[in-house]
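This report refers to the structure that appears directly beneath it.
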Amino acid sequence: MFDAAISHLVTVRDWLRFAVSRFNEAGIHFGHGSANAYDEAAYLILHTLHLPIDQLDPFLDARVLPEEASRLADVLRRRVEQRIPAAYLTGEAWLQGYRFKVDPRVIVPRSFLAPMILEQFQPWLGDPDRVLRGLDLCTGSGCLAILMAEAFPDAEIDAVDLSPDALDIARQNIADYGLEERVHAVYSDLFASLDGRRYDLIVTNPPYVDAPAMASLPDEFRHEPVMALASGDDGLDAVRVILLEAARHLNPGGLLAVELGHNRDVLEAAFPDLELMWPDVEWHADTVFLVTHEQLLTGIENGTI
């Protein structure tokens, strides 16, 4: 079907219609940057043709050259038949207007923490100017560490991950933004190699997918590293360690921000007496929780953690 389309599709508009039809027909899954077939098709077509990804209309009636048509057919075929996420096909992902390199060695950047970082965690953090040391735990591509450096220009940031492959991508992204002097890629299993380091702000988008959800993941997500997704039977293996150890790595007045997916009920059942804040983020509730250094200490002292 894709090879046959080459001789019949003439303009960008033709290819857009064709791509949307094929995506809808195949029932591909979205969630790596686009939310629907139209947006995904427009992005892949514009990127493949080396056109600005935010300027579709001026090019809709432009004719596609034979070599370009061959490239488009190949990209769309791989998206439909192999269920490869668009970010892995293009080698990039966008988060809050920032571009990050990605490949299948690292999870595709996406996080409800991103807008909160750029808003300096107001009103929960207090004085943003007091943030001089930050930590992005489970950094993956380094995206949140880079956003932290952008939001807190006086801070040094540790970007921590257990995957050497992910850290390789993170270093490339850090270099792309010229932040090598302020953002440091660190190999560590959560806090294991961070003895003596303390921070004013810790953010983390850790693995949080439970076993039943892992067993039923759409094919697109199976292209991502399992270690970046799976976190035990109930999805809380990593979060339990983070809650237990974060207090000794936070300065007084410091804040821990954790993305948890849809696991709020499970977390609150596991830690019923721990005081947590659940802000609404981009019209989504119950996906991110915040907890202060002092609240963590109280939870440890009371045996609630």
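Treat the numbers as computed from the prediction; the structure is a model and nothing was measured. Values reported hereafter were calculated over all heavy atoms of this structure, with side chains retained and with hydrogens, waters and symmetry mates removed.
In this structure a side-chain-to-backbone donor-acceptor pair under 3.5 Å is present from Asn263 to Tyr208. A donor-acceptor contact shorter than 3.5 Å is absent between the side chain of Gln295 and the backbone of Leu274. Within the 3.5 Å criterion, the main-chain N or O of Arg248 finds a donor-acceptor partner in the side chain of Arg198. A donor-acceptor pair under 3.5 Å is formed between the side chain of Asn24 and the backbone N or O of Val20. At least one donor-acceptor pair under 3.5 Å links the side chain of Glu259 to the backbone N or O of Phe112. Put simply, the side chain of Ser188 gets close to the backbone of Leu190: a donor and an acceptor are under 3.5 Å apart. A distance-only check finds no donor-acceptor pair linking the side chain of Asp3 to the backbone of Ala73 [under 3.5 Å]. Proximity of a side-chain donor or acceptor of Asn173 to a complementary backbone N or O of Ser141 within less than 3.5 Å is detected. Listed for the Asn251 side chain is no donor-acceptor partner under 3.5 Å among the backbone atoms of Gly254. Between the side chain of Thr11 and the backbone N or O of Asp61 there is no donor-acceptor pair closer than 3.5 Å.
Side-chain contact annotation: Tyr187 with Ser163, donor-acceptor N/O pair under 3.5 Å absent. For the residue pair Tyr177 and Glu150, no side-chain donor N or O sits within less than 3.5 Å of a side-chain acceptor on the partner.
You'll find the side chain of Glu220 reaches within 4.5 Å of the side chain of His32, heavy atoms only. Counting only heavy atoms from C-beta outward, the side chains of Thr90 and Leu44 approach each other to under 4.5 Å. Contact check for Leu89 versus Arg78: side-chain heavy atoms found under the 4.5 Å cut-off. Between Trp94 and Asp54 the shortest side-chain heavy-atom distance does not fall below 4.5 Å. With a 4.5 Å cut-off on side-chain heavy atoms, Leu76 and Phe23 count as touching. When side chains are defined from C-beta on, Ser231 does not count as touching Pro206, because their heavy atoms never get closer than 4.5 Å. With contacts defined as side-chain heavy-atom distances shorter than 4.5 Å, the pair Met277/Val291 does not qualify. Put simply, the side chain of Tyr43 does not reach to within 4.5 Å of the side chain of Asp39, judged on heavy atoms.
Heavy-atom minimum distance, Glu294 versus Gly253: OE2-N, 2.9 Å. In terms of heavy-atom proximity, Leu179 sits nearest to Ala149 at CD1-CB, 3.9 Å. For Gly140 against Val106, the heavy-atom pair with the smallest separation is C-CG2, 3.4 Å. Residues Asp103 and Tyr88 come closest through the heavy atom pair O-CE2, 3.1 Å. The shortest heavy-atom contact between Val108 and Glu224 is N-OE2, 2.8 Å. Across Val183 and Ala145, no two heavy atoms sit closer than the pair CG1-CB, 4.0 Å.
Tracing side-chain contacts under 4.5 Å through hydrophobic residues (I, L, V, M, F, W, Y), one reaches Val80 starting from Met1; they form part of the same cluster. Following chains of ILVMFWY side-chain contacts shorter than 4.5 Å, one can reach Leu296 starting from Leu194, so the two form part of one hydrophobic cluster. Under a hydrophobic-cluster definition in which Ile, Leu, Val, Met, Phe, Trp and Tyr are linked whenever side-chain heavy atoms come within less than 4.5 Å, directly or via other members, Tyr38 and Phe59 are assigned to the same cluster. Under the 4.5 Å side-chain heavy-atom criterion for ILVMFWY residues, no single connected hydrophobic cluster contains both Val258 and Leu290. Note on Val209: it does not cluster hydrophobically with Met227, by side-chain heavy-atom contacts below 4.5 Å among ILVMFWY residues.
In this structure, the separation between CG on Asp280 and OG1 on Thr287 is 8.5 Å, given to the nearest 0.5 Å. In this structure, the separation between CG on Leu144 and CG on Leu135 is 11.0 Å, given to the nearest 0.5 Å. Within the model, atoms CG of Leu147 and OG of Ser111 stand 9.0 Å from one another, a figure rounded to the nearest 0.5 Å. Atom CD of Glu68 is separated from atom NE2 of His50 by 8.0 Å, given to the nearest 0.5 angstrom. If you take CD1 on Ile300 and CD on Glu245, they are separated by 9.5 Å, rounding to the nearest 0.5 Å. If you take CG on Leu260 and CG on Asp286, they are separated by 9.5 Å, rounding to the nearest 0.5 Å.
With a 6.0 Å radius and a threshold of 12 heavy atoms from other residues, nucleotides or ligands, Gln82 has its CD atom above the threshold. The environment of CD in Gln55 is crowded: more than 12 heavy-atom neighbours from other residues, nucleotides or ligands sit within 6.0 Å.
Between Arg171 and Asp168 there is no salt bridge, since no side-chain N of the basic residue sits under 4.0 Å from a carboxylate O of the acidic one. Look at Glu40 and Arg79 and you find a salt bridge, because one of the NZ, NE, NH1 or NH2 atoms lies within 4.0 Å of a carboxylate O, short of that distance. Salt bridge annotation for Arg130-Asp200: absent, with no cationic side-chain nitrogen under 4.0 angstrom from a carboxylate oxygen.
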Practice task
Take Trp124 and Gln122 through the side chain to side chain donor-acceptor pair (under 3.5 Å) test and state the conclusion after the steps.
Solution key: CA-CA 5 Å; Trp124 303 279; Gln122 296 303 299; over 6 Å; no
Exercise for the section: I would like to know whether Phe2 and Phe18 meet ring pair (Phe, Tyr, Trp, His ring centres under 6.0 Å); could you show each step before the answer? Expected result: CA-CA 9 Å; Phe2 292 94; Phe18 174 77; 5.8 Å; yes
Problem - Step-by-step side-chain contact (heavy atoms from CB on, under 4.5 Å) determination, Met214 to Val226 - result: CA-CA 9 Å; Met214 284 297 300; Val226 171; 4.0 Å; yes
Practice task
Mind running side-chain contact (heavy atoms from CB on, under 4.5 Å) on Leu217 and Leu229 for me, showing each step along the way?
Solution key: CA-CA 10 Å; Leu217 279 179; Leu229 299 171; 4.0 Å; yes
Practice task
May I have the step-by-step check of side-chain contact (heavy atoms from CB on, under 4.5 Å) for Val64 and Val10, ending in yes or no?
Solution key: CA-CA 6 Å; Val64 174; Val10 177; over 6 Å; no
Exercise for the section: Evaluate the side-chain contact (heavy atoms from CB on, under 4.5 Å) criterion for residues Leu16 and Ile45: first the C-alpha distance (whole Å), next the side-chain angles of each, then the deciding distance (0.1 Å), finally the verdict. Expected result: CA-CA 7 Å; Leu16 179 64; Ile45 290 169; 4.1 Å; yes
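The aromatic rings of His249 and Phe191 sit parallel to each other, their planes meeting at less than 30°, with 60° as the upper class boundary.
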Please tabulate, for the side chains in residues 232-244, all donor-acceptor contacts under 3.5 angstrom to protein atoms that are two or more places apart in sequence or on a different chain.
unit_1, atom_1, unit_2, atom_2, d
Asp234, OD1, Leu236, N, 3.0
Asp234, OD1, Arg240, NH1, 3.3
Asp234, OD2, Arg240, NH1, 3.3
Asp234, OD2, Arg240, NH2, 2.6

Distance-only donor-acceptor hits, side chain of residues 152-159, under 3.5 Å, sequence neighbours excluded:
unit_1, atom_1, unit_2, atom_2, d
Glu156, OE1, His184, NE2, 2.9
Asp158, OD2, Arg133, NH2, 3.1
Asp158, OD2, Arg197, NH1, 3.0
Asp158, OD2, Tyr199, OH, 2.6

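For His29 and Phe221, the gap between ring centers is short of 6.0 Å.
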